[in-house]
Amino acid sequence: MKLHDTLSNLEQKVDVSKKVKIYLCGVTVYDESHIGHARTIIVFDVLRKYLESKDIEIEFVQNFTDVDDKIINRAKVENTSAENISVKYIDNYFKDFDGLNVKRATNYPKATEHIEDIIKFIEELIKKESAYTSKNGVYFSVSRFLEYGKLSKKKIDELQSGSRIEIDEEKKDPLDFAVWKFSDTEPTWNSPWGKGRPGWHIECSAMSIKYLGENFDIHGGGRDLIFPHHENEIAQSESCTGIQFAKIWMHVGMVTINGEKMSKSIGNVKSIKHVLENWGSNVIRLFCLSGHYSKPIDYSEELLEENLTKWRQVETCYYELIHADSENSEEIKSIIEKLSTEFNNALEDDLNTHLALSAFFQLVKETNRLAADERLGKENAHIIKIELKRMLKILGLRIPDITEDEKQKIDELIRNREQFRKEKQFEDADKIRDKLNEMNIELIDHREKTIWMRKEKIKAENQKLGHAN
RNA sequence: GGUACUCUGGCAGAACGGUUAUGCGUGAGCCUGCAAAGCUUAUACAAGGGGGUUCGACUCCCUCGGGUACCUCCA
């Protein structure tokens, strides 16, 4: 598998001959997660699920930044402790991302639980004269790391001239950044240099190296983290270990609204809770995977509706497969193999989820075509179902199981309806159909038989219908 | 101002130096008691502008222009 590496600006092969170690910069837990976070995390979820589908072992570490000025400020506003805030939003995080069907990471290290590791890391930096103590804290000395700027392709002198950073007289160089900030307001920890708390960048260096080693496979996050966060991580880590930090840097594009980045200050943030309630995880995942991960994607109701239409096709396909009982009439294996290969090749080539989805939808279409023609045989359906399920799993899409009880009830209602239809008592037949619709069961009348499917309830769709009426 | 990315049909969006996918939408039709869903089929002068390289460029190069992001916290 190849991935585009921000550092080298080239596609790099992922070494899958042994366990693949991935570190993803998670969220700062001071507020609800939004669709932008969702995109990044869903992209990595697919990366991981794809590799795992090939029986490659993955170690996936994603941090929680649970000590930060924003958390502290929020705590002040809500008149509570920083800890309460972070606990609340970590809880919230899992609600959101379990809802989005994101597989849990191997480990979710928190900054506050790794203060000792961070202190050790800083000690090492000081020993190597890459960091120094000043009045306000311990700073990383950018000038000591000659390759500073290599990730973001920035030149140090240009950074300085264009710098909007307030000049701190205590810093040797305006570009130097804090690895430890002195402070007396809680939360604080004791350190050899004084009471305070860690800077933001240092936690990721310390924790990624602790769990994944000094040189691991993939480090990722949103594009907006390239500078300064990831640039600083490289500087700290490579200064400390003397060897290459992450092998591949993978960055996910922003989610925009009307072409603008989502941000609190513009007030255009869409929370995961909100979109999950209105559209459900399948539609959101399709939306997030609809373009190449490295490019921006624009959030709009129209696009979500488009993805809802597609999702309905997938549901139809799935239920057609379940109900298939015609004679096999054509050779299906070769086309499945072809689409399966296309799907894999797309993902192998820099995780091209858009092309992978093309292959996936071709499989869906092909199935629905056979079913419409009453040519979907049981054996063929079985073969298709295996492949469809594989793709669904990698994409993280899910169709809820239906219980035997429910099935029997539905089948009985359908039999009753068939009887009414035979007797041309259409009003009674339609009543049954309405009743099933209320249960979110939709009927598909083929020439020879009627099958049913359970439609996912999508609030946004119902609202739209409500408006139309 | 600097840096990076980006500019494809009504919309979304890929690949490729030589037939421009795929999906949505739209039109027509099929199926149906009706509907829904689905299917079939049709549909798009498509590549920001201008140069250049080439037998041939959407694809490579130059140039001008637009957009977005980052340069401060941000997924």
Side-chain angles (χ1 to χ4, degrees), chain A residues 6 9 24-28 30-31 33-44 65 68-70 73 149 152-155 157-166 200 220-229 231 251-256 259-265 269 286-287 290-292 294-298 300 302-303 305-310 312-313 315-317 319-320 342 346 349 352-362 364-365 367-374 420-422 424-427 429-430 433-434 437 442-447 450-453 455:
Chain A
T6 310
N9 212 7
L24 176 63
C25 282
V27 295
T28 302
Y30 74 106
D31 205 346
S33 303
H34 56 68
I35 181 86
H37 301 115
R39 184 191 188 192
T40 301
I41 290 164
I42 286 169
V43 164
F44 274 83
T65 299
D68 182 88
D69 289 346
K70 280 199 288 266
N73 291 338
S152 55
K153 319 283 183 264
K154 293 183 189 306
K155 298 199 170 61
D157 43 345
E158 281 166 0
L159 266 176
Q160 280 169 333
S161 61
S163 173
R164 279 187 262 155
I165 305 163
E166 279 176 50
W200 173 38
R223 282 201 94 83
D224 53 352
L225 293 186
I226 294 174
F227 191 91
H229 187 53
E231 191 71 63
H251 291 104
V252 180
M254 298 292 101
V255 177
T256 60
E260 272 181 316
K261 185 181 166 184
M262 254 187 237
S263 79
K264 293 247 161 66
S265 51
V269 176
L286 285 175
F287 164 74
S290 64
H292 190 89
S294 63
K295 291 187 176 177
I297 186 171
D298 203 49
S300 72
E302 288 73 25
L303 280 180
E305 266 169 41
E306 179 177 328
N307 284 298
L308 173 58
T309 307
K310 292 180 183 179
R312 293 298 185 213
Q313 295 172 348
E315 285 179 319
T316 303
C317 169
Y319 285 98
E320 290 285 9
E342 265 178 47
D349 185 10
N352 193 330
T353 51
H354 183 87
L355 277 184
L357 284 174
S358 286
F360 170 70
F361 283 113
Q362 277 180 58
V364 167
K365 281 237 158 207
T367 305
N368 290 344
R369 192 177 64 78
L370 288 173
D373 283 1
E374 312 259 12
F420 282 128
R421 288 180 76 200
K422 262 186 206 155
K424 304 227 187 271
Q425 298 184 27
F426 295 121
E427 270 185 34
D430 288 351
R433 184 165 65 191
D434 291 344
N437 282 347
E442 182 147 316
L443 300 182
I444 302 174
D445 289 335
H446 287 301
R447 271 179 231 119
T450 296
I451 71 152
W452 56 267
M453 59 183 273
K455 284 172 77 174

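Fair warning: this is a prediction, and the values are worked out from it, not measured in the lab. As a basis for the values below, the full set of heavy atoms in this structure was taken, side chains included, without hydrogen atoms, waters or symmetry mates. Numbered from 1 within each chain, the chains take letters A, B, ... in sequence-line order.
The side chain of H37(A) contributes an N or O atom lying less than 4.0 Å from OP1 or OP2 of A75(B). The side chain of N9(A) places an N or O atom within less than 4.0 Å of a non-bridging phosphate oxygen (OP1 or OP2) of C5(B). Taking only side-chain nitrogens and oxygens, K295(A) comes nearer than 4.0 Å to OP1 or OP2 of C7(B).
Rounding to whole angstrom units, CG of residue D298(A) and P of U68(B) are separated by 11 Å. Counting to the nearest Å, the P atom of C39(B) and the CZ atom of F361(A) are 12 Å from each other. The CD1 atom of I451(A) sits 12 Å away from the P atom of C39(B) (whole-angstrom rounding). Here the P atom of nucleotide C24(B) and the CG atom of L308(A) are 13 Å apart, to the nearest Å. Atom CD1 in I226(A) sits about 12 Å away from atom C1' in A75(B), given to the nearest Å. Look at CZ on F287(A): it is 20 Å from P on G23(B), rounded to the nearest Å. One can place NZ of K310(A) at 8 Å from C1' of U22(B), the figure rounded to the nearest angstrom. Atom pair N73(A):CG and C73(B):P shows a separation of 14 Å (rounding to whole Å applied).
Distances from the side chain of P228(A) to the nucleotides A37(B), U72(B), C24(B) place U72(B) closest. The side chain of K261(A) lies closest to A69(B), out of C5(B), U22(B), A69(B). Among the nucleotides U22(B), C73(B), C70(B), the one closest to the side chain of D224(A) is C70(B). With A36(B), A4(B), U40(B) as the choices, the nucleotide that has an atom nearest any side-chain atom of R223(A) turns out to be A4(B). Looking at the side chain of E306(A), the nearest of the listed nucleotides A36(B), U22(B), C11(B) is C11(B). Distances were taken from every side-chain heavy atom of N368(A) (C-beta onward) to each of G38(B), G23(B), A75(B); the shortest belongs to G38(B). Candidate nucleotides U3(B), A75(B), A21(B) were compared by shortest atom distance to the side chain of S358(A), and A21(B) ranks first. Closest contact between the side chain of V255(A) and the listed nucleotides A37(B), C39(B), A75(B) involves A75(B).
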field: Base-contact (B) and sugar-phosphate-only (S) positions in nucleotides 25-34 of chain B, heavy-atom cut-off under 4.0 Å, - elsewhere
entry: S-----S-BB
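In this structure, a donor-acceptor pair under 3.5 Å is present between the side chains of D445(A) and T450(A). Counted by atom type alone, D298(A) and T256(A) present one or more donor-acceptor pairs between their side chains at under 3.5 Å.
Without hydrogens or angle criteria, E231(A) side chain to G149(A) main chain gives a donor-acceptor distance under 3.5 Å.
Residue G221(A) is in sugar-phosphate contact alone, with no base atom involved, counting any heavy-atom pair closer than 4.0 Å across all strands shown. When heavy atoms are screened at a 4.0 angstrom cut-off, N437(A) is found touching no nucleic acid atom at all. Across all strands shown, G253(A) has heavy atoms under 4.0 Å from base atoms, whether or not it also approaches the sugar-phosphate. Contact annotation for L24(A): no contact, since no heavy-atom pair falls under 4.0 Å across all strands.
Distance OG1/T367(A) to CD/E320(A): 9.0 Å, rounded to 0.5 Å. With rounding to the nearest 0.5 angstrom, the CD atom of Q362(A) is 5.5 Å from the CD atom of E342(A). One distance of note links CG of D373(A) with CZ of R447(A); it measures 6.5 Å at 0.5 Å rounding. Of the inter-residue distances, the one linking K154(A) atom NZ with I226(A) atom CD1 reads 9.0 Å to the nearest 0.5 angstrom. For the atom pair Q313(A) CD and F360(A) CZ, the distance stands at 10.0 Å (nearest 0.5 Å). Distance CD1/I444(A) to CE/M453(A): 5.5 Å, rounded to 0.5 Å.
Nucleotides G9(B) and G49(B) have their P atoms positioned 10 Å apart, rounded to a whole Å. For the C1' atom pair drawn from G51(B) and U43(B), the interatomic distance equals 35 Å after rounding to whole Å. Between U63(B) and U68(B), the distance separating the two P atoms is 23 Å to the nearest Å. With both ends at atom C1', the span from C30(B) to A35(B) equals 15 Å, rounded to whole Å. For U6(B) and U53(B), the C1' atoms lie 24 Å apart once the distance is rounded to whole Å. Here the separation of U3(B) from U72(B), taken at their P atoms, is 16 Å to the nearest Å. Nucleotides C58(B) and U19(B) are separated by 14 Å at their C1' atoms, to the nearest Å. Comparing the C1' positions of U20(B) and A47(B) gives a spacing of 10 Å, expressed to the nearest Å.
Between K70(A) and D31(A) there is no salt bridge, since none of the side-chain N atoms of the basic residue sits less than 4.0 Å from a carboxylate O of the acidic one.
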message: Using side chain to side chain contact (heavy atoms under 4.5 Å, CB included), reason through R223(A) and V252(A) one step at a time and then give a plain yes or no.
response: CA-CA 5 Å; R223(A) 282 201 94 83; V252(A) 180; 5.9 Å; no
- request: For H354(A) and H292(A), run side chain to side chain contact (heavy atoms under 4.5 Å, CB included): C-alpha distance rounded to whole Å, both residues' side-chain angles, the deciding distance at 0.1 Å, then the answer.
  value: CA-CA 6 Å; H354(A) 183 87; H292(A) 190 89; over 6 Å; no
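If you find the closest nucleotide of RNA chain B to L303(A) and to S294(A), the one lying nearer the 5' end belongs to S294(A). Nearest-nucleotide assignment on RNA chain B puts the 5′-proximal partner with S152(A), out of R39(A) and S152(A).
With a 3.5 Å limit on both pairing distances and Watson-Crick or G-U wobble geometry required, the stems of 3 or more pairs in RNA chain B span B:1-7 with B:65-71, B:10-12 with B:22-24, B:25-30 with B:38-43, B:48-52 with B:60-64.
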